[in-house]
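See below for the structure under consideration.
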Amino acid sequence: MDALKMFFRDQARIVWKEAWEAARLIGENPELGYQEYFAVETLTQLLKSHGFEVEQPAAGLETAFIARFSGYKPGPRLAFLAEYDALPGIGHGCGHNLIGAASVGAAITLSKSLELPGEIWVVGSPAEETSGGKVILVNKGAFQGVDAALMFHPGSQNVTSISSLALDALEFVFIGRPAHAVAAAYYGVNALDALIDFYNKINQLKDNLPHDAYINGIITEGGTSPNVIPERAVARFYLRARQRKVLNTIRKQVIRCAQDAAAQVSAKVTWSMFENSYDEMQTNRTLAGIFEDNLRELGVRNISPPQYAMGSVDMGNVSRLIPAIHPYLTLGGGMNIPHTRDFAQTCLSASGERLLLLAIQALALTGWDILSVPKLLSRAKRELKSRVPAK
């Protein structure tokens, strides 16, 4: 490890104490998506104290922010992405308090070098657990001019390259005509019958899906009284697939099933997205390789091969726009189950504190490589152009 990288590694240890205090405070004061006012205040005040200029709110989102620090000579623009929303009833069972603090800590670490080229951003993205703040940030142009994006996630193992499932969240509303369920049943149009037929058609469709595609749904409205023909019935579905183009085809098939079911009973049906759509995570292998090299320089040896994540992440939308990574680093012994109170407590333990230091160091060292070695970023951009298909 060269002298400048040794400087960043040591500087990260200094920043780590402040970053851990922020992570601890956010972890002890969990907030749901779009309500993360305390978390945003904690992180942005820390950034301001180290010379970052903060724009908040950002992209029309009250709990989004962009913090900027300009280097001392021309160069790329690098973004560290911060998350900080919690899970209802659980708290930070996905470790977002560590994610936000790590990105802030890495950015501050890099800002301490008088040789810093380009510009460092920290992009605070709310509501990852619910509607995907990064999707809105992408759609509003918040990443315009950014050359690469980095973040980390606590998990059960060290994985530098992941992919995830693209996701569409669809709500279907069936409208019929109410009537007395016995005396005037002939007059009614049963919206619930249409919805149940639709549900059955979806189950049949599942048998013909690719092995890595999924449809899961619930009925949220099914009528008001057994004595009234249901005028309105509503269902919500998550559709997932490994690739956006495959998911687009599945979405068309699901909509056709709804339209056929409505037609069978002369009902009407409309559909809409009730959450933002996520694209699959397209890990940039060039950047992931740099991150892995830095992990090894930091003494990490147990690094797992690339893996598919069974969930969906809004970082996927960022990864189709600019070179991006979303690596996982082992929390504690790797035995804690995400989205549990145990996971949240471990994030607040000495294990979470140690993991935060590793994440800050690995992100900062990777960021320095991207900023200071032009050929690496050029390679990452060529890879992005060659790998990301059209929607």
Side-chain angles (χ1 to χ4, degrees), residues 33 79-83 85 87 93-96 98-99 102-103 123 125-139 143 148-170 209-216 237-251 273 275-289 291-292 303-331 334 337-339 343 359 380 383-384 387-391:
F80 294 98
L81 272 63
E83 297 175 359
D85 62 313
L87 292 156
C94 214
H96 290 190
L98 296 181
I99 294 172
S103 286
V123 179
S125 51
E128 190 278 336
E129 295 289 0
T130 50
S131 65
K134 296 184 196 65
V135 180
I136 298 173
L137 289 166
V138 167
N139 293 342
F143 292 94
L150 312 178
M151 63 173 289
F152 106 101
H153 202 295
S156 60
Q157 54 191 311
N158 300 312
V159 184
T160 60
S161 181
I162 68 146
S163 61
S164 64
L165 298 173
L167 178 145
D168 282 340
L170 272 62
L209 292 178
H211 74 280
D212 52 4
Y214 309 87
I215 303 175
N216 304 97
F237 287 85
Y238 278 153
L239 283 56
R240 290 185 172 97
R242 290 284 179 211
Q243 296 178 308
R244 166 53 56 184
K245 65 179 181 180
V246 174
L247 185 57
N248 289 345
T249 298
I250 294 171
R251 185 178 66 238
M273 299 285 192
E275 291 177 6
N276 290 313
S277 292
Y278 291 14
D279 292 333
E280 69 272 22
M281 180 65 200
Q282 186 80 58
T283 290
N284 190 276
R285 292 179 295 218
T286 300
L287 300 189
F291 188 87
E292 182 167 332
I303 299 175
S304 300
Q307 294 189 13
Y308 285 110
M310 296 307 293
S312 304
V313 296
D314 59 0
M315 188 65 164
N317 296 59
V318 179
S319 74
R320 295 175 65 98
L321 183 69
I322 52 179
I325 57 172
H326 184 286
Y328 283 77
L329 296 176
T330 306
L331 174 67
I337 305 299
H339 289 208
F343 196 97
E383 178 189 331
L384 175 72
R387 291 183 65 199
V388 175
K391 287 194 176 186

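Treat the numbers as computed from the prediction; the structure is a model and nothing was measured.
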Could you tell me whether the side chain of Ser163 reaches within less than 4.5 Å of the side chain of Glu280, counting heavy atoms only? no
Say whether, by atom type as modelled, one donor and one acceptor occur between the side chain of Asn284 and the main chain of Ile325 under 3.5 angstrom. no
Table please: side-chain donor-acceptor pairs of residues 307-316 below 3.5 Å, with sequence neighbours left out.
from	atom 1	to	atom 2	distance (Å)
Gln307	OE1	Gln157	NE2	3.3
Gln307	NE2	Gln157	OE1	3.0
Ser312	OG	Leu165	O	2.8
Ser312	OG	Arg240	NE	3.3
Asp314	OD1	Lys134	NZ	2.9
Asp314	OD2	Gly133	N	3.3
Asp314	OD2	Lys134	N	3.2

Measure the spacing between NE2 of His326 and CE of Met281 and express it to the nearest 0.5 Å. 7.0 Å
Across all chains, not counting sequence neighbours, the ring pair (Phe, Tyr, Trp, His ring centres under 6.0 Å) partners of Tyr238 are Phe274
Using only atom types and a distance under 3.5 Å, with no angle test, would you say the side chain of Thr160 pairs donor to acceptor with the backbone of Phe291? no
If you measure from CG on Leu384 to OG1 on Thr286, what distance do you get to the nearest 0.5 Å? 10.0 Å
In Å and rounded to the nearest 0.5 Å, what is the CD1 to CG distance from Ile136 to Asn317? 10.5 Å
Is it true that a side-chain atom of Glu129 and a backbone atom of Asp85 form a donor plus acceptor pair closer than 3.5 Å? no
Taking salt bridge (charged side-chain N to carboxylate O under 4.0 Å, His left out) as the definition, give me every residue that meets it alongside Asp168, ordered by chain and number, with sequence neighbours left out. Arg244, Arg251
Is the shortest heavy-atom distance from the side chain of Leu81 to the side chain of Phe143 under 4.5 Å? yes
Using a 3.5 Å distance criterion without hydrogens, assess whether the side chain of Ser125 forms a donor-acceptor pair with backbone atoms of Ala82. yes
